[in-house]
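Okay, structure first, notes after.
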Amino acid sequence: MNIRLHQNRLILKRLDPLAKKKDITLIYQAQSEIYIEADEVKLTLAISNLIENGVKYTPDGGQVKVILQGDLQDVFIIVSDTGLGIAKNEQSRIFERFYRTDKTRNRETGGTGLGLAITYRTVVMHNGTISVESEEGKGSTFTMQIPIRQMQ
């Protein structure tokens with residue numbers, strides 16, 4: 001199914017009340033309209049999860065930025081936040097099912113430890129990759145790379 005990735009604006013609109021409760025600024029930047037062959041429901045869930053995590057783990061007054069870029073072969077969806085960050089020794093495990101970083105932090109924010117695992121599997125299902133760059137106390141940047149056309 002071809003989907004228009006400018007639907008990210010709809011995701012941000014849906015998450016705006018959550019961000020406003022914490023005075024978090026949501027920023028969206030896109031080069032142009034990008035269409036991709038993808039499972040719209042699963043990809044929307046994956047993107048929503050990254051943005052929602054950014055809002056959850058960013059202290060009041062911070063920001064979450066979503067950047068959409070593309071070239072002739074791939075689309076890049078970049079979600080960065082000014083949140084708590086992820087310790088280097090935990091970054092290799094965050095896409096595992098049920099893995100949660102700081103146990104006390106998760107009691108406060110809820111969750112099952114499945115969100116990033118689902119996001120990872122969705123990206124892989126679309127023949128893509130996902131990576132994270134993070135520093136404790138400075139925030140995280142997740143980059144999803146997905147081919148515009150899926151291999152048949």
- Item | Joint cluster assignment, Ile77 & Tyr28, ILVMFWY side-chain distance < 4.5 Å | yes
- Side-chain touch Thr141/Val79, heavy atoms, less than 4.5 angstrom: no
Would you list the atom pairs, donor with acceptor, under 3.5 Å between side chains in residues 60-74 and any protein atom, with sequence neighbours excluded?
| unit_1 | atom_1 | unit_2 | atom_2 | d |
| --- | --- | --- | --- | --- |
| Asp71 | OD1 | Gln73 | N | 2.8 |
| Asp71 | OD1 | Asp74 | N | 2.7 |
| Asp74 | OD1 | Gln145 | NE2 | 2.8 |

- Ile148 versus Tyr35, closest heavy-atom pair with distance: CG2-O, 3.4 Å
- Message: Between Val124 and Val75, is there shared hydrophobic-cluster membership here, with clusters defined by ILVMFWY side-chain heavy atoms closer than 4.5 Å?
- Response: yes
- Nearest heavy-atom contact between Leu43 and Ala38 is CD2-CB, 3.9 Å
- Query: Mind checking what makes salt bridge (charged side-chain N to carboxylate O under 4.0 Å, His left out) contact with Lys20, not counting sequence neighbours?
  - Reply: Asp16
- Task: Only counting residues at least two apart or in another chain, list the ones meeting side chain to side chain donor-acceptor pair (under 3.5 Å) with Thr122.
- Result: none
- Task: Taking the side chain as every heavy atom from C-beta outward, state whether Thr82 and Lys138 have any atom pair closer than 4.5 Å.
- Result: no
- Can you tell me how far the CG atom of Leu45 sits from the CD1 atom of Ile118, to the nearest 0.5 Å? 6.0 Å
- Message: With rounding to the nearest 0.5 angstrom, report the CD to CD distance, Glu133 to Glu135.
- Response: 10.5 Å
- Please name the pair of heavy atoms, one in Leu12 and one in Leu26, separated by the smallest distance, quoted to 0.1 Å. O-CD1, 3.7 Å
- Message: Ignoring hydrogens, what is the shortest heavy-atom contact between Ser134 and Lys88? Give both atom names and the distance.
- Response: O-NZ, 3.3 Å
- Item | Separation between CD1 of Ile146 and CE of Met125, rounded to the nearest 0.5 Å | 9.0 Å
- Hphob cluster co-occupancy, Val132 + Ile47, side-chain heavy atoms under 4.5 angstrom: yes
- Item | Nearest-0.5 Å distance that lies between atom CG in Asp81 and atom OH in Tyr57 | 11.0 Å
- Item | Closest contact, heavy atoms only, Leu84 versus Pro59 | CD2-CG, 4.2 Å
- Heavy atoms of Glu37 and His126 approach each other most closely as O-CD2, 4.3 Å
- Query: Do Ile27 and Gln29 touch side chain to side chain, with heavy atoms closer than 4.5 Å?
  - Reply: yes
- Message: Any heavy-atom pair between the side chains of Phe142 and Leu116 that's under 4.5 Å?
- Response: yes
- Query: Are Ile130 and Leu50 close enough that some pair of their side-chain heavy atoms sits under 4.5 Å apart?
  - Reply: yes
